Number of protein chains: 2
Amino acid sequence: MVIVGEKINTSRKSIAEAVEAQDVDFISEAARTQAEAGAHYIDVNAGTFLDKEVDYLCWLVEVVQNAVDLPLCLDSPNPKALAEAIKHHRGEPMINSISLEKERLRALLPVVTSQPCSVIALCMAETSMPSTVEERVEVGAEIIRRLTREGIPLEKIYVDPLVQPVSVDTRMGTAVLGGMNQIMNGFPGVNTICGLSNISFGLPLRSLINRHFLALCMAQGLSAAILDPTDKQLMATLLSVELLLDRDEYCGNFIEAYHDGRIGASS
Amino acid sequence: MVIVGEKINTSRKSIAEAVEAQDVDFISEAARTQAEAGAHYIDVNAGTFLDKEVDYLCWLVEVVQNAVDLPLCLDSPNPKALAEAIKHHRGEPMINSISLEKERLRALLPVVTSQPCSVIALCMAETSMPSTVEERVEVGAEIIRRLTREGIPLEKIYVDPLVQPVSVDTRMGTAVLGGMNQIMNGFPGVNTICGLSNISFGLPLRSLINRHFLALCMAQGLSAAILDPTDKQLMATLLSVELLLDRDEYCGNFIEAYHDGRIGASS
């Protein structure tokens, strides 16, 4: 499982303050704790700053890559910010995200083909959010075709089936799980990724629901998740499921993480 | 999901003491708390008492069925104890368990065909514990054929794929999950059941591993589980996974259990 650490996002108050204050130490520490907790990519998002987003995102890229020896997940709704940030990045970043929305696709295709990178491809068409498994598969297949036609290999594509709240429609869990399964079977080698927290919107015990959703996604073959790797309960879910699915030789990762205090549970 | 409450087992010290003292109140309370927590069957097991097992098991049947209006899961390694206990049971019990071991099969077939009941069928052949998916499927298929040939309908059979520790062999999780999946696909209508705790033997954070194993089994279609329904974290797993798999209309069971204090999490 590829872990994308989600914490450096200016929608979080402490991060927004640190970015405005250009607090290198605070951001570096937020990067290091995620790296030590097991992140493979560090997500950086300054999307709340609108006018200053481009400058701030580029600054984050520099600061975070000085702090940790990891690739970043460049995260923005703004193609211009991604186009600038990728120039500051050393190595192969992950671009978060492209979709079938026309403007976005047109602006980002030149960016993601300008240098080697991985791409998060949202199952989002021009007009609406996907609802059913079928809609996710249809939009996912189309965006995969568009990206591979531009020369991006399947292995660099991370399809995000778009998680929506089960409190709004109880079919939203199975729509993601089924979509994920069909997309991975239909395009062997392609990756899948998702965020977790939308699934539990409007319900009690949200972290618990998110953890179990991660477990179910992993059973379908989820390749990567955007999450907080310093959340010891969530990481306990991730490592115990890898263990149960025979992806942890000699139970080594699980036992080591337990002894290092990186995973925990309340009982 | 059919929940079989596992707590009335004389391998637990407090239950053994209560059974020896013929403490009707203690046993009745252990039955009622499980029923209130959501059990559909109450397991009764006096197997530690050897000589007195038959009497004690029959006594447990009377006491528990006086306390709660639920069918019981009559649980013994001893066919004679099961043959006697079933005579004391009102309604349709679940018999725990039959297997392909010759003596056991010969002794129990007349019992399970003597009156309507459900039967737990262990994937256990004469000679050895199953190891691979294939062995589970082979033994499971054979025992299903033996039971249906005696007139027991598929819907009354609960196949137990036999959970063994991943600490001994990391393939043991996927062997159960794969076996469960293939048996249910091969015999549509048949049920599956399992205990959870063996999976985590020898590892830290056992309850956590057990909970995630339950989640993965449920994703494969597990019909029933033998567990402690008063364990609020385990029940939180069960109800959140039912919710995520679209088996909880309007999220009603989950929200109600939360408000009743029947489920919980540490964060």
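In what follows, every chain begins at residue 1, and chains take the letters A, B, ... in the order their sequences are listed. For clarity, every value in this text was computed on a predicted model and none was experimentally measured.
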Would you mind checking which part of B:Leu243 comes under 4.5 Å of any heavy atom in chain A, side chain (CB onward), backbone (N, CA, C, O), both or neither? both
Examine whether an atom of B:Phe254 lies under 4.5 Å from a heavy atom of chain A, and if so say whether it belongs to the side chain, the backbone or both; otherwise answer neither. side chain
Once you round to the nearest 0.5 Å, how far does CE of B:Met172 lie from CG of A:Leu244? 13.5 Å
Can you say whether A:Asp169 sits under 4.5 Å from chain B via the side chain, the backbone, both, or neither, judging by heavy atoms? neither
A:Leu216 versus chain B, the contacting section by heavy-atom distance below 4.5 Å: side chain
In Å and rounded to the nearest 0.5 Å, what is the OG1 to CD distance from A:Thr170 to B:Glu249? 7.5 Å
Atom pair CD (B:Glu242) and NE2 (A:His212), whose distance is rounded to the nearest 0.5 Å: 12.0 Å
Heavy-atom cut-off 4.5 Å, strictly under: side chain, backbone, both or neither for B:Tyr258 against chain A? side chain
Between B:Leu177 and chain A, with a heavy-atom cut-off of 4.5 Å, which part of the residue counts as in contact: side chain, backbone, both or neither? side chain
Heavy-atom pair count under 4.5 Å with chain A, highest-scoring of B:Thr237, B:Ile263, B:Leu245: B:Thr237
Surrounding CZ of B:Arg32 (heavy atoms of other residues, nucleotides or ligands, distance under 6.0 Å), is the total greater than 12? yes
Specify which of B:Ile255, B:Asp248, B:Asp246 makes the most heavy-atom pairs with chain A at under 4.5 Å. B:Asp246
Would you mind checking which part of B:Leu239 comes under 4.5 Å of any heavy atom in chain A, side chain (CB onward), backbone (N, CA, C, O), both or neither? neither
State whether the number of non-hydrogen atoms from other residues, nucleotides or ligands found under 6.0 Å of A:Phe201 atom CZ is greater than 12. no
Applying the side-chain contact (heavy atoms from CB on, under 4.5 Å) criterion to A:Ser240, which one of B:Val166, B:Leu205, B:Leu208 satisfies it? B:Leu208
Taking every heavy-atom pair that is under 4.5 Å apart, which of A:Gly173, A:Cys251, A:Pro204 has the most such pairs with chain B? A:Pro204
Please determine whether the number of non-hydrogen atoms from other residues, nucleotides or ligands lying under 6.0 Å from atom CZ of A:Arg171 exceeds 12. no
